[in-house]
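First up is the structure itself, then whatever we jot down about it.
Order of the sequence lines sets the chain letters (A, B, ...), proteins ahead of strands, with each chain counted from 1. Owing to the predicted nature of the structure, the values given are computational and were not obtained by experimental measurement. Note: hydrogens, waters and symmetry copies are ignored here, and every other heavy atom, side chains too, is used.
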Amino acid sequence: MPELPEVETVRNSLKEIILNQTIRSISINYNKIIKNVSEENFISSLVGQTFLDIDRHGKYLIFHLNDYYLISHLRMEGKYLIKNEEEINKHEHIIFTFDDFNMRYHDTRKFGTMHLYQKNINIFDELPLKNVGYEPFDNRLTIDNLYNKFQKMKKPIKTTLLDQKIIAGLGNIYADEVLYSTRINPLTQTNKLSREDVEKILNASRKVLKKAISLGGTTIRSFVSSHDISGRFQNELLIHTKKTCPNCRKEVAKIYVGSRGTYYCPDCQPLR
DNA sequence: CAGGTCTCCTGCTAGC
DNA sequence: TGCTAGCAGGAGACCT
């Protein structure tokens, strides 16, 4: 499943291929991916538009075209494939055709989303980006800022870390990794964390994501084979999906927090 | 406003 | 061996 580092890799890979390409036609095989405009509107708006840049905010890709922003979330299974054959796979839902090849949005579980906005709209005031806060790298996200927000939250810190409005970019896997590296129990009530804990969490988030991004960037040849990504990332994980704690060698616990599978070490991450 | 639950969808797995 | 029921998982919608 693509997390922030994979999305960053997709962004960089796609930039090499589709920048300055003009959309000649679009075919839509499953339209529920597109959330805020009709299928007809989507097609008529985008045909003739050229990809000028690709940005990322949290786990969202932001495609810049002449007159529009196309905002894409891959959720668990989404990927962009570059092809030039005729045959269409049943999981290829949206196909953008350029002069010499096409780009296909492929998504087995159909959970991904696309939003289309005209460029005169501030996309950060609209769904889905209005619900996305700052990334850990963004210096507008300060310790005080985060600590103040945490004071009002009673839910488990694991759940808080998955809330994109609070910190953008952490998914289920990285939330576990961040909590493990800070030795904080995932069930700890968010408002019980000290300012020092918050600082640790912020630092760990930066570190974990930065490392993953750099790895994603170096291990991936092509976004086409997204399997390579998850394979490599798994080598770097310390706690998520592990059986034994790398620190104390005791058994890792698996619980559910907010119906998300959560791994932690009861010994190294005791509930305070 | 905070927080809980339901929903979307399908490949995969456990269990028969 | 073949079948089915149940599950996982980001984030929006909706409700309390």
Side-chain angles (χ1 to χ4, degrees), chain A residues 1-8 10 28-37 39 56-62 71-80 88-94 105-117 123-136 145-179 186-193 205 209 212 226-227 229-231 233-234 237 239-242 253-263:
Chain A
M1 62 201 79
E3 298 233 15
L4 184 152
E6 281 129 319
V7 177
E8 180 64 12
V10 170
I28 299 176
N29 304 316
Y30 180 79
N31 63 19
K32 288 170 80 175
I33 300 289
I34 303 164
K35 295 300 177 185
N36 71 329
V37 295
E39 181 174 339
R56 184 186 57 69
H57 187 63
K59 302 177 210 168
Y60 291 85
L61 286 168
I62 305 171
I71 303 162
S72 165
H73 196 303
L74 307 173
R75 293 291 174 89
M76 277 78 75
E77 310 265 357
K79 46 189 74 99
Y80 284 97
I88 305 213
N89 178 288
K90 68 170 177 175
H91 299 301
E92 293 168 354
H93 306 307
I94 298 175
Y105 179 70
H106 179 294
D107 190 345
T108 318
R109 293 207 184 149
K110 302 178 171 172
F111 264 30
T113 62
M114 291 188 195
H115 289 77
L116 185 67
Y117 288 104
I123 52 177
F124 295 100
D125 290 341
E126 307 289 335
L127 279 178
L129 296 182
K130 73 171 180 183
N131 287 339
V132 184
Y134 300 130
E135 295 185 3
N145 180 319
L146 206 51
Y147 179 64
N148 289 338
K149 279 184 189 160
F150 277 19
Q151 292 302 99
K152 290 179 246 164
M153 304 176 82
K154 283 189 173 175
K155 55 187 168 183
I157 183 61
K158 166 70 185 267
T159 305
T160 298
L161 291 187
L162 292 179
D163 185 344
Q164 301 300 299
K165 204 166 190 168
I166 308 298
I167 302 180
L170 291 179
N172 196 39
I173 295 171
Y174 291 107
D176 282 1
E177 295 297 312
V178 165
L179 290 174
L187 290 169
T188 313
Q189 273 188 31
T190 304
N191 60 358
K192 300 227 168 118
L193 293 169
S205 303
L209 287 178
S226 69
H227 301 293
I229 306 177
S230 45
F233 280 151
Q234 268 161 22
L237 299 179
I239 193 76
H240 194 84
T241 70
K242 299 297 174 188
K254 188 189 178 188
I255 59 173
Y256 286 88
V257 183
S259 76
R260 297 281 175 271
T262 299
Y263 296 80

Under 4.0 Å from any atom of DNA chain C, heavy atoms only: list the residues of residues 255-263 of chain A that qualify, in numerical order.
-> A:Tyr256, A:Arg260, A:Gly261
When you check the phosphate oxygens OP1 and OP2 of C:dA11, does a side-chain N or O of A:His73 lie under 4.0 Å from one of them?
-> yes
What string of B, S and - do you get for nucleotides 4-11 of chain B, 5' to 3', when a contact is any protein heavy atom under 4.0 Å?
-> ----BBBS
Take atom CG of A:Leu170 and atom P of C:dG9, then tell me their distance rounded to the nearest Å.
-> 16 Å
Just jot down the side-chain hydrogen bond (donor to acceptor under 3.5 Å, both in side chains) partners of A:Lys254, sequence neighbours excluded, or say none.
-> A:Tyr256
Whole-Å distance separating the CG atom of A:Leu161 from the P atom of B:dG3 | 14 Å
So, is A:Asn131 near the phosphate of C:dG12, with a side-chain N or O under 4.0 Å from OP1 or OP2?
-> yes
Donor-acceptor pairs under 3.5 angstrom involving side-chain atoms of residues 127-135 of chain A: please list them, not counting sequence neighbours.
from	atom 1	to	atom 2	distance (Å)
A:Glu135	OE1	A:Arg56	NH2	3.4
A:Glu135	OE2	A:Arg56	NH1	2.8
A:Glu135	OE2	A:Gly58	N	2.7

Among all residues two or more places apart in sequence or in another chain, which pass the side chain to side chain contact (heavy atoms under 4.5 Å, CB included) test with A:Gln151?
-> A:Tyr147
So what is the end-to-end bend of the helix from B:dA2-C:dT16 to B:dC16-C:dG2, with 5 pairs used at each end and the value given to 10 degrees?
-> 40°
Closest non-hydrogen atoms of A:Ile167 and A:Pro136, given as atom of the first, atom of the second and distance, are CG2-CG, 3.7 Å
Polar side-chain atom of A:Asn191 near backbone of A:Phe150 as donor-acceptor pair, under 3.5 Å | no
Sequence neighbours excluded, the answer for side-chain hydrogen bond (donor to acceptor under 3.5 Å, both in side chains) partners of A:His240 is A:Asp176
Validation row: A:Lys79, A:Val10 side chains within 4.5 angstrom (heavy atoms) | no
Can you list the residues that meet the side-chain hydrogen bond (donor to acceptor under 3.5 Å, both in side chains) rule with A:Thr262, with sequence neighbours excluded?
-> A:Lys158
Taking CD1 from A:Ile71 and P from C:dA11, how many angstroms apart are they, rounded to a whole number?
-> 14 Å
Atom CG of A:Leu4 to atom C1' of C:dA11: distance rounded to whole Å?
-> 16 Å
Can you tell me how far P of C:dA11 sits from CE of A:Met76, to the nearest Å?
-> 10 Å
Rounded to the Å, how far apart are A:Ile33 CD1 and C:dA11 P?
-> 15 Å
Rounded distance (Å) that lies between atom P of C:dA11 and atom CD1 of A:Ile167 | 13 Å
Of all the choices, B:dG3, B:dA2, C:dG10, which nucleotide is nearest to the side chain of A:Lys152 once you look at every atom?
-> B:dA2
Kindly write out the residues that satisfy ring pair (Phe, Tyr, Trp, His ring centres under 6.0 Å) with A:Tyr60, not counting sequence neighbours, or none if the list is empty.
-> A:His73
Those residues that, when tested against A:His106, pass ring pair (Phe, Tyr, Trp, His ring centres under 6.0 Å) (two or more places apart) | A:His91
To the nearest angstrom, how far is A:Ile166 atom CD1 from C:dG10 atom C1'?
-> 16 Å
Please work out if A:Lys35 contacts a base, only the sugar-phosphate, or nothing of the nucleic acid, heavy-atom cut-off 4.0 Å.
-> nothing
Residues two or more places apart in sequence or in another chain: which of them pass salt bridge (Lys or Arg N to Asp or Glu O under 4.0 Å) with A:Arg109?
-> A:Glu77
Sequence-distant partners of A:Thr113, side-chain hydrogen bond (donor to acceptor under 3.5 Å, both in side chains), two or more places apart | none
